[in-house]
Structure formats: C-alpha cells, structure tokens
Amino acid sequence: MIIQNILDTDLYKFTTSYAYIKLFPYAEGTFTFQDRDQTVYSEDFLKAVKKEIEKLREVKLTSEEQEFMTHHCRFLPPVYWEWLASFRFNPEKICMELDAEGHLHLEVTDLLYKVTLYEVPLLAIISEVKNKFEHKSVDLEVVKEKLAPKITLSNDNALPFSEFGTRRRFSKEVHETVIKELKKQARYCTGTSNCYLAMKYNMRPMGTHPHEWFMFHGAQFGYKHANYMALENWVNVYDGDLGTALSDTYTSESFLSNFSRKQAKLFDGVRCDSGDEFQFVDQLIKRYQELGIDPTTKTIIFSNALDFPKALELFRYCKGRIRCSFGIGTNLTNDTGYAPANIVMKLSRCRMNANQQWRECIKLSDDLGKHMGSITEVEACMHELRIS
C-alpha cells in the first residue's frame, strides 16, 4: 500500500482545503492529470494504479496525527482537523482510463475543499507504480551517496532549503530515506512539505498556497483581478500567516504589476516557480523599491525544478540584496539515475456552486511549455492581461 497515511501529502493541500471551506464551501472543481512526456502505459499498469486507489478508502486521520497537526499548525483551527478525521477518499470520484494510444487520462470531481486532497496522493501513486512497471530498482545506499554532497554544499554555504518532493518521488521508501539523512546531517534544512514525515521525524511542515488558488479566482472573478483577489482572500482566511505569495499563475509580470503596497508589506515574500530566476530577483527587488519597501526585509522562495548548484548560484546572487530560501523536490526524492516522471494534476474547471455553469481554469506560466488550458481560453487570458 503506497499511501498509508492521510498526512503523506503536502501541507498546502490542507491550508488550501480550509480556505475553500471558509470562503467557498459550495464551490466544486475538477482536477485533471497531465503527463508532459506523453508516456504510453499498459492495461496492467492501469489495473495496478486502480488497485492502489481502491486502498485509499482505508486511509484516515489518526488521533496521533490529529494531535500533531493541531499543535504544529496554529494557523489551522482544531475544527478543521476534526473534519478531516471524518474525511475518506472516494475512489468512485476518480475517472481513469487509457486512450487508444495508451496515454493515461484521469480526473477527479468533487467539492473543492475535498477534491484538492486527491492531487498529491494520486501523483505519488502513479510515479511509484510507473517505476515498478518499468523495473527500476534503487539501492538506498546509492541514494544516500547522491544526497551527501548536496547536504555538504548546504552546510558549507549556510544554504537554507526545505524538502518539497512528495508528488514526484521515486518511492515512499526513497523519500523516507532522504528525510532521515536530512534530519541527521543537514544543518540548514528548514523542514519538509510532507506532513507525515514532518511528524515522524520531528521536522517543521512547510507550505502556503498553490497555483490552483489563483486559477480558481481567475476563472470566477477574471484574470485581471485574480492575483489581487486571491491574495486578499488568503489574508482574510489566515490573517498574515502563511505569508509567501505565489507569483507565476498568470505570469510574474502580471503579478508584479498589481502587487499592491499593502500586500507587499503584509506578505513575507514571494515564491518563484518558473521562468528566469535571476531576472525575477531583479524585477522583484525593483518592485519593492518602487513601493518604498526594503527588499532585504523580504524573502524569495525558489522552487522551480532546482538542484543544489543552481540554488547556490541564486543564493549568492541574492546575498545582501534580498533574503532567499529554496524548496527542492525531485532533485532530493527522485535523483536515482532514472528520468523522473514529468506528471502534474491541476485544477481544470470549477464553479461556485452546483447551480452555476462550469468555468475553465488555466495557468500562464513564465515557462511557455507549462501553460495549461485550451488555446482559446489561454488567448482570452493573454488578451485581458495585455500579454503579447
């Protein structure tokens, strides 16, 4: 059984789930799987994934997990964890099939505060089953050997980072091996996004909000106002906690153009998840200066497919100009000598309640290959934002 604990997921899934409950309790959404490598899968693979999905019925929040999260996430009220204790994954909500070419199609539809919880476990299942079916095996000692110079680089340079690798990990076993080593050896590891491993190894659970929060606001309120409204609503829920703003749902240029002085002062910093990171550093510093804010009081979190040498370059580039930290995922949990699965699940449509029409959800990344959505809707968004 790959997913045995409901906390074996990223913290931001819970923070986003609660935000939907508090502000949009009747909103519904669909999460859609995408394999950017267009992998061809077999019927046996499909059966194996479905078998793992069926086991998700058994997963529930334990009293030990509830106590840990209640005491380590003061920004989420106890009532949320009480609700989560009653939550169960429902495999009937998951539509999955292979098309004629063997490409995997997978969708989940439910109330947004529920459906958001499916994303990370499903991706972790698919990644691990895929590796098994491709007969990929990993020596855990080799995993430790590959990890050692990364920890040394961080320790020698006081490079702060957190582990963000649940969704595309090689396996649960590799993930836990990495966390054990980080806990023992990495002096500047600030925590992990995985709540179960944070509990098991007494680490800090890390995370704020995802692209889906902004995609929902864009679909419901218009792209021009999406970034501003998404941040305002986040503040309405968390009152200044979880203060890292995600910049690139509708391009960072658009984000920075309407990043208000109030929001820039209130949020601790910004997460950069696509595009040219060095260019973004300059743009963000310039925007803070325009707003009369000292950039050295703010933080950039870099999280775009990073490795440690690239992180060190960025760390040195930011030094003395703006604070920075790094969320490193696949390079920690799937650096095994095999090409990691290039898979995502994103919010593809939503509606405010069951009486409304569905609206398409899209994403305009700073990396052209990461745009998500129909050409028609992407072009409509670009026109509204005046992006050429």
Side-chain angles (χ1 to χ4, degrees), residues 1-10 13 30-59 89-108 115 117-147 163-180 193-194 196-197 305 307 328-346 348 369-370 372:
M1 186 171 176
I2 293 173
I3 303 297
Q4 299 180 13
N5 309 86
I6 199 166
L7 295 190
D8 189 8
T9 191
D10 291 334
K13 292 280 87 180
T30 297
F31 272 75
T32 301
F33 172 82
Q34 181 181 348
D35 186 330
R36 291 170 175 157
D37 291 334
Q38 291 294 298
T39 304
V40 174
Y41 298 97
S42 68
E43 289 293 339
D44 286 341
F45 167 86
L46 185 67
K47 290 177 184 176
V49 172
K50 286 183 175 180
K51 187 175 181 181
E52 288 293 336
I53 287 174
E54 188 62 30
K55 294 175 184 176
L56 287 176
R57 293 183 192 275
E58 305 167 28
V59 177
F89 290 107
N90 182 357
E92 274 76 39
K93 297 283 185 181
I94 302 170
C95 300
M96 183 170 55
E97 63 180 6
L98 298 180
D99 63 21
E101 287 77 39
H103 299 136
L104 180 63
H105 296 267
L106 188 156
E107 285 190 343
V108 194
V115 75
L117 300 175
Y118 285 76
E119 175 196 356
V120 174
L122 289 177
L123 288 173
I125 286 170
I126 290 168
S127 179
E128 186 160 346
V129 172
K130 179 177 183 289
N131 289 328
K132 288 178 181 176
F133 267 75
E134 293 176 355
H135 306 292
K136 296 175 180 176
S137 60
V138 172
D139 185 335
L140 295 180
E141 291 305 313
V142 173
V143 171
K144 294 177 186 178
E145 288 172 11
K146 283 177 167 283
L147 181 61
E163 182 277 313
F164 276 19
T166 303
R167 70 189 59 221
R168 285 186 286 268
R169 65 192 181 191
F170 182 86
S171 68
K172 180 172 62 176
E173 186 179 34
V174 167
H175 193 179
E176 186 159 355
T177 298
V178 168
I179 291 294
K180 284 182 186 177
S193 63
N194 187 286
Y196 174 71
L197 293 175
D307 58 26
I328 301 180
T330 306
N331 186 250
L332 284 171
T333 62
N334 206 340
D335 185 12
T336 58
Y338 302 108
N342 193 2
I343 54 177
V344 295
M345 279 193 78
K346 293 293 183 184
S348 58
K370 290 186 177 179
M372 298 196 72

Give every residue pair that meets the salt bridge (charged side-chain N to carboxylate O under 4.0 Å, His left out) criterion with at least one member in residues 40-50, sequence neighbours excluded.
none
Rounded to the nearest 0.5 Å, what separation is found between the CD1 atom of Ile126 and the CE atom of Met96?
7.0 Å
Nearest heavy-atom contact between Ile94 and Val108 is CG1-CG2, 4.0 Å
Results of salt bridge (Lys or Arg N to Asp or Glu O under 4.0 Å) for Lys146 - residues two or more places apart only
Asp335
State which residues pass side chain to side chain contact (heavy atoms under 4.5 Å, CB included) with Thr30; sequence neighbours excluded, sorted by chain then number.
Thr32, Glu107, Thr109, Ser348, Arg349, Trp358
CG (Leu98) and CG (Leu106) are apart, to the nearest 0.5 Å, by 10.5 Å
Separation between CD1 of Ile53 and CG of Asn90, rounded to the nearest 0.5 Å
11.5 Å
For residues Gly165 and Ser193, report the shortest heavy-atom separation together with the two atoms involved.
N-OG, 4.4 Å
For Ser42, check side chain to side chain donor-acceptor pair (under 3.5 Å) against everything at least two apart and list the hits.
none
Do any N or O atoms from the side chain of Arg168 and from the backbone of Ile343 form a donor-acceptor pair under 3.5 angstrom?
yes
Which residues pass the side chain to side chain contact (heavy atoms under 4.5 Å, CB included) test with Thr336, sequence neighbours left out?
Val138, Phe170, Asn334, Tyr338
Check for a donor-acceptor pair, side chain of Glu128 on one end and backbone N or O of Ile2 on the other, with a separation under 3.5 Å.
no
Applying ring-ring contact (aromatic ring centres under 6.0 Å, His included), name anything that partners Tyr41, two or more places apart in sequence or on another chain.
Phe45
side-chain contact (heavy atoms from CB on, under 4.5 Å) for Tyr118 and Lys93? Distances and angles first, verdict last.
CA-CA 10 Å; Tyr118 285 76; Lys93 297 283 185 181; 4.2 Å; yes
Side chain to side chain contact (heavy atoms under 4.5 Å, CB included) partners for Asn342, two or more places apart:
Arg36, Asp37
Lys/Arg N to Asp/Glu carboxylate O, Glu54 vs Lys51, below 4.0 Å:
no
Of all residues at least two apart in sequence or in a different chain, which pass the salt bridge (Lys or Arg N to Asp or Glu O under 4.0 Å) check with Glu119?
Lys13, Arg167
Looking at side-chain heavy atoms only, is the closest gap between Ile6 and Phe89 below 4.5 Å?
yes
Considering residues at least two apart in sequence or located in another chain, which fulfil the salt bridge (Lys or Arg N to Asp or Glu O under 4.0 Å) criterion with Glu92?
Arg57
Any chance you could measure Leu104, atom CG, to Phe33, atom CZ, to the nearest 0.5 Å?
5.0 Å
Please identify each residue that fulfils salt bridge (Lys or Arg N to Asp or Glu O under 4.0 Å) with Glu173, with sequence neighbours left out.
none
So OG1 of Thr39 and NZ of Lys130: to nearest 0.5 Å the spacing works out to 4.5 Å
Which value, rounded to the nearest 0.5 Å, describes the distance between Thr333 atom OG1 and Leu147 atom CG?
11.0 Å
So, using side chain to side chain donor-acceptor pair (under 3.5 Å) as the criterion, who are the partners of Lys136 when residues are at least two apart?
Glu134
Tell me yes or no: between the side chains of Asp99 and His105, is some donor less than 3.5 Å from an acceptor?
yes
Could you tell me which residues satisfy side chain to side chain contact (heavy atoms under 4.5 Å, CB included) with Asp8, sequence neighbours excluded, listed by chain and number?
Ile3, Asn5, Thr166, Arg169, Lys172, Asn194, Tyr196
